[in-house]
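Let me begin by presenting the structure, written as C-alpha cells, before commenting on it.
Index from 1, following the sequence.
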Amino acid sequence: MAEAAIRSHREPGEVALIAVTKTHPAEIVREAIAAGVTDLGENRVQEADAKIPEVGRELVRWHLVGHLQSNKARRAVELFDVIHSLDSADLARRLDRTCAELQRPELPVLIQIDLGGEATKSGAAETELPEIIEVIKQSRVLRLQGLMTLPPYFEDPEQTRPFFRRLRELRDELRSQRALGDARGDLSMGMTHDFEVAIEEGATMVRVGTAIFGERESKN
C-alpha cells in the first residue's frame with residue numbers, strides 16, 4: 001500500500017486499510033486487531049450479527065462493504081459504524097427512518113456506483129446519483145462520506161484502472177458541486193487483486209481480505 005501511494009505521489013497515511021473478515025472466525029479477527037488493524041469490513045449483515053458482538057467494537061470501526069437489503073437495514077444501522085453500499089434513494093430513506101427510530105445521531109455512508117454494468121453486482125447507476133444525494137441532503141443523520149465501486153474482475157489488474165479513474169472523477173464532480181460538504185470524499189475501491197492500481201488512481205480506502213486472512217473458509 002505504501003509503495004503504491006508513493007508511486008502516485010501520495011502520502012501512505014492517506015489510504016486506510018479495511019480488513020475484510022468474511023467467513024473468518026472471531027479468533028482470527030482478534031489476531032488482526034492485535035496486529036494493529038483498526039477497520040474491519042463485513043459483506044453480510046447476518047454474519048456480522050454473530051461476529052461483531054463476539055469480537056467487540058471498542059478498538060475497531062466496522063464497515064459494511066457488501067450489498068445491503070432493505071429488510072436488513074435496521075440491523076445494519078445497529079451493527080455498523082460506516083455503510084459503503086448505499087445504492088438507491090429508497091434505501092437512503094429507509095436508513096434515515098431507521099436511524100431516527102433508533103435515535104442514532106449520525107450514520108456515515110458511501111454511495112456504491114455500478115460502473116461495470118454487471119448483472120451480478122449491486123450499485124447505483126451514475127444517473128441515479130443526484131436523487132440519492134438529494135435524499136442524503138434532506139436527512140439530518142445520513143452523512144455522505146464518499147463513493148464506492150466494485151469493478152469487473154480482470155486477470156490483469158491494469159484493466160480495472162478506467163473504473164477507478166471514473167469513480168475519482170465522479171467524486172471530484174461532487175466536490176466541485178459542494179455535495180460532499182467539508183468532507184474530502186472518500187473513495188472505497190480496490191481489493192486484494194487490484195488495490196495497488198486503485199491507490200494509484202486515488203483510493204482512500206481499500207477493502208482487502210484474502211491478502212490478510214488467506215482464502216475464505218468454506219461455509220458448509
Side-chain angles (χ1 to χ4, degrees), residues 1 16-88 90-112 114 118 120-124 139 141-143 145-150 153 186 188-193 195 204-220:
M1 287 176 60
L17 170 65
I18 298 172
V20 180
T21 62
K22 181 180 179 181
T23 77
H24 296 288
E27 57 266 26
I28 299 297
V29 178
R30 290 194 195 98
E31 289 182 21
I33 295 171
V37 168
T38 58
D39 292 87
L40 295 170
E42 273 292 332
N43 288 65
R44 298 171 65 241
V45 174
Q46 185 174 351
E47 184 175 347
D49 201 2
K51 190 180 298 180
I52 292 177
E54 187 175 356
V55 173
R57 52 196 317 158
E58 295 80 12
L59 301 176
V60 292
R61 289 178 294 273
W62 287 91
H63 302 248
L64 178 63
V65 298
H67 177 60
L68 177 57
Q69 297 172 308
S70 290
N71 63 354
K72 299 286 199 308
R74 184 179 188 87
R75 194 61 181 132
V77 168
E78 292 173 329
L79 288 168
F80 291 98
D81 298 293
V82 187
I83 292 176
H84 290 232
S85 47
L86 174 56
D87 60 4
S88 72
D90 285 343
L91 181 57
R93 295 185 188 99
R94 174 70 68 91
L95 290 172
D96 181 51
R97 289 196 302 270
T98 303
C99 285
E101 291 166 6
L102 295 172
Q103 297 184 323
R104 177 166 178 168
E106 182 178 82
L107 175 62
V109 296
L110 291 89
I111 301 174
Q112 181 177 355
D114 176 19
E118 295 177 283
T120 57
K121 290 179 181 172
S122 304
S139 168
V141 293
L142 299 183
R143 178 169 63 80
Q145 186 169 326
L147 303 176
M148 186 267 261
T149 198
L150 182 62
Y153 178 85
D186 279 310
S188 172
M189 58 189 195
M191 299 167 66
T192 291
H193 183 62
F195 72 85
T204 63
M205 297 174 166
V206 293
R207 311 180 304 272
V208 179
T210 303
I212 297 171
F213 299 105
E215 294 297 326
R216 291 172 178 168
E217 296 193 0
S218 175
K219 286 287 188 182
N220 295 327

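In this structure, CD on E47 lies 9.0 Å from NE2 on H24, to the nearest 0.5 angstrom. Taken from CG in L150 to NE2 in H84, the straight-line distance is 13.0 Å, to the nearest 0.5 Å. Annotation: the span from K72 atom NZ to Q46 atom CD amounts to 6.0 Å, rounded to 0.5 Å. We find the OG-CD1 distance between S188 and I18 to be 5.0 Å, quoted to the nearest 0.5 Å. Here OG1 of T38 is found 9.5 Å from CD1 of I33. Values are rounded to the nearest 0.5 Å.
The shortest distance between side-chain heavy atoms of I52 and F80 falls below 4.5 Å. At a threshold of 4.5 Å between non-hydrogen side-chain atoms, the residues V45 and Q69 do not count as touching. Counting only heavy atoms from C-beta outward, the side chains of P108 and D81 never approach each other to under 4.5 Å. Residues L107 and V141 have side chains not in contact (no heavy-atom distance under 4.5 Å, counting atoms from C-beta outward). Considering only heavy atoms from C-beta on, V206 stays 4.5 Å or farther from M191 through its side chain. Within the 4.5 Å cutoff, the side chain of V82 has no heavy atoms near those of the V109 side chain. When side chains are defined from C-beta on, V77 does not count as touching E101, because their heavy atoms never get closer than 4.5 Å.
What you find for S122 and H67 is that their closest heavy atoms are OG-ND1, 3.1 Å. Scanning all heavy atoms of the two residues, the minimum distance from R61 to H63 falls at O-CD2, 3.5 Å. Taking every heavy atom of both residues into account, S85 and G66 meet most closely at OG-O, 2.5 Å. The shortest heavy-atom contact between A124 and D87 is CB-O, 3.4 Å. Of all non-hydrogen atoms in A92 and L142, the two that sit nearest each other are O-CD1, 3.4 Å. What you find for A26 and V55 is that their closest heavy atoms are CB-CG2, 3.7 Å.
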Next item on the list: Kindly indicate, with the supporting measurements, whether the criterion side-chain contact (heavy atoms from CB on, under 4.5 Å) is fulfilled by L68 and L86.
Entry: CA-CA 7 Å; L68 177 57; L86 174 56; over 6 Å; no
Notebook entry, point to check: Are R93 and D96 close enough, and set up right, to give a salt bridge (charged side-chain N to carboxylate O under 4.0 Å, His left out), and what steps lead you there?
Noted result: CA-CA 5 Å; R93 295 185 188 99; D96 181 51; over 6 Å; no
Margin query: Quick one, E54 with K51, criterion salt bridge (charged side-chain N to carboxylate O under 4.0 Å, His left out). Give me CA distance, side-chain angles, the key distance, then yes/no.
Written below: CA-CA 5 Å; E54 187 175 356; K51 190 180 298 180; over 6 Å; no
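Crowding of E118 atom CD: a count of heavy atoms from other residues, nucleotides or ligands under 6.0 Å exceeding 12.
For the pair R57 (side chain) and L79 (backbone), a donor-acceptor distance under 3.5 Å is present. A donor-acceptor pair under 3.5 Å links the side-chain atoms of S88 to the main chain of L91, judged by distance alone. The backbone N or O of V20 sits nowhere less than 3.5 Å from a side-chain atom of R207 that would complete a donor-acceptor pair.
Not a single side chain to side chain donor-acceptor pair (under 3.5 Å) links R104 to another residue, sequence neighbours left out. With sequence neighbours left out, the side chain to side chain contact (heavy atoms under 4.5 Å, CB included) criterion links A19 to V37, L40, I212, F213.
Using a cutoff of 4.0 Å between basic side-chain nitrogens and carboxylate oxygens, E78 and R75 are scored as salt-bridged.
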